[in-house]
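Not measured: the values here are computed from a predicted model.
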Amino acid sequence: MIIGLTGGIASGKSTIANRLIKKGYTVIDADLAARKVVEPNQEAYRKIIDQFGSEIVAEDGTIDRAKLGSIIFTSETERKKLNSIVHPAVRKEMLEQKEMAIHEGRKTVFLDIPLLFESKLQWMVDKIIVVYVQEDIQLKRLMERNQYTAEEAQARISSQAPLYEKKMQADAVIDNSGTMEQSFLQLEQLLIQWKSVP
């Protein structure tokens, strides 16, 4: 079974993903795949520099994520340009990793995709778990975690589809508004219910 794991920024999705890894599950992380495909000498890296210019390249030759972020978080058009380069490369990378895991005999593979719904990637998975958190808690956690102002945090939250919308499209929801233990308990019950084994 291929299970999509998604949520929103600062919803606690990574905490759930790390718990699954500890339990022996294969979790293929879209963010890690996205970092890999934009490394120097990768095809997507060259396309991004052609599109956004050499001023986004850091001294060590990598893409300066902060500089690129400041361009794309304030402009929908620029964000779409970046996504049209990065998303296909990430999908290819993730599908290759998934095939490898299945080949190695894995029974359940999790695809950790923050923008699963926004990128219309439901076709890649059999079931979807949304890690949900109330928006006021999400805002507070993001401000604390990244030292953002309320405006900066809100801009990043608003760049994604609202969590209550994602919740309605999920096969299962883990409500992460409470304690970590409560979230882990919900995860355990779900794995038993779906008869999921690594």
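Asn176 contributes no side-chain N or O that, together with a main-chain N or O of Val133, makes up a donor-acceptor pair within less than 3.5 Å. Formation of a donor-acceptor pair under 3.5 Å by the Asp64 side chain with backbone atoms of Ile56 is not found in this model. Using modelled atom types, no side-chain atom of Ser11 and backbone atom of Tyr132 make a donor-acceptor pair closer than 3.5 Å. Although no hydrogens or angles enter the test, the distance criterion places a donor-acceptor pair under 3.5 Å between the side chain of Glu152 and the main chain of Thr149. Checked by atom type and distance alone, the side chain of Asp175 pairs as donor or acceptor with a backbone atom of Ser177 at under 3.5 Å. Between the side chain of Ser70 and the backbone N or O of Lys67, at least one donor-acceptor pair lies under 3.5 Å. Judged purely by atom type and a 3.5 angstrom limit, Thr108 has no side-chain atom pairing as donor or acceptor with the backbone of Met1.
Residue Ile9 is not grouped with residue Phe117 when hydrophobic side chains (ILVMFWY) are merged at heavy-atom distances under 4.5 angstrom, including chains of intermediate members. Residue Ile137 is grouped with residue Val130 when hydrophobic side chains (ILVMFWY) are merged at heavy-atom distances under 4.5 angstrom, including chains of intermediate members. Under the 4.5 Å side-chain heavy-atom criterion for ILVMFWY residues, a single connected hydrophobic cluster contains both Leu82 and Val37. Leu116 and Leu5 sit in two unconnected hydrophobic clusters of ILVMFWY residues. Membership requires side-chain heavy atoms under 4.5 Å apart, directly or through other members. Follow the hydrophobic side-chain contacts under 4.5 Å out from Leu163 and you reach Leu121 in the same cluster.
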Show me the donor-acceptor pairs within less than 3.5 Å that the side chains of residues 46-55 make with the rest of the protein, sequence neighbours left out.
| unit_1 | atom_1 | unit_2 | atom_2 | d |
| --- | --- | --- | --- | --- |
| Arg46 | NH1 | Asn41 | O | 3.1 |
| Lys47 | NZ | Glu43 | OE2 | 3.3 |

Can you give me every donor-acceptor pair (side chain of residues 24-35, partner residue at least two apart or in another chain, under 3.5 Å) with its distance?
| unit_1 | atom_1 | unit_2 | atom_2 | d |
| --- | --- | --- | --- | --- |
| Tyr25 | OH | Ser196 | O | 2.7 |
| Thr26 | OG1 | Arg106 | NE | 3.2 |
| Asp29 | OD1 | Asp31 | N | 2.7 |
| Asp29 | OD1 | Leu32 | N | 3.2 |

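No side-chain heavy atom of Lys120 sits under 4.5 Å from any side-chain heavy atom of His87. Using a 4.5 Å cut-off on side-chain heavy atoms (C-beta onward), Gln160 and Leu115 make contact. Taking 4.5 Å as the limit, some side-chain heavy atom of Gln154 sits within range of a side-chain heavy atom of Glu135. Looking only at side-chain heavy atoms (C-beta outward), Lys92 and Glu96 come within less than 4.5 Å of each other.
For Met94 against Asp112, the heavy-atom pair with the smallest separation is CE-O, 4.1 Å. The nearest pair of heavy atoms linking Ile174 to Ser183 is CG2-O, 3.9 Å. Shown here for Val109 and Lys98, the closest heavy-atom pair between the two residues is CG1-CG, 4.4 Å. Nearest heavy-atom pair across Val197 and Lys107 is O-CB, 3.5 Å. Counting all heavy atoms, side chain and backbone alike, Gly12 lies closest to Val131 at C-CG1, 3.9 Å. Summarising the geometry of Thr6 relative to Pro114, their closest heavy-atom pair is OG1-O, 2.9 Å, with the distance given to 0.1 Å.
To the nearest 0.5 angstrom, Leu20 atom CG is 4.5 Å from Phe110 atom CZ. Considering OG of Ser119 and CZ of Arg91, their distance stands at 7.5 Å, rounded to 0.5 Å. Remark: Ile128 CD1 to Ile113 CD1 distance equals 8.5 Å, nearest 0.5 Å. Taken from OG1 in Thr15 to CG in Asn18, the straight-line distance is 6.5 Å, to the nearest 0.5 Å. Between the CG atom in Leu95 and the CD1 atom in Ile2 there is a gap of 9.5 Å [rounded to 0.5 Å]. For the atom pair CZ (Arg141) and CG (Asp136), the distance works out to 10.0 Å, reported to the nearest 0.5 Å.
Residue pairs meeting the salt bridge (charged side-chain N to carboxylate O under 4.0 Å, His left out) criterion with at least one partner in residues 160-170, sequence neighbours excluded, are Glu118-Lys166.
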Worked check of side chain to side chain contact (heavy atoms under 4.5 Å, CB included) between Thr62 and Glu39: CA-CA 6 Å; Thr62 60; Glu39 283 172 2; over 6 Å; no
Arg79 and Glu76: CA distance, side-chain angles, deciding distance, salt bridge (Lys or Arg N to Asp or Glu O under 4.0 Å) verdict: CA-CA 5 Å; Arg79 189 158 64 239; Glu76 179 75 16; 2.7 Å; yes
Derivation of the side chain to side chain contact (heavy atoms under 4.5 Å, CB included) call for Tyr45 and Val57: CA-CA 10 Å; Tyr45 171 89; Val57 180; 4.1 Å; yes
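Annotation: Arg145, atom CZ; neighbour count of heavy atoms from other residues, nucleotides and ligands within 6.0 Å is above 12.
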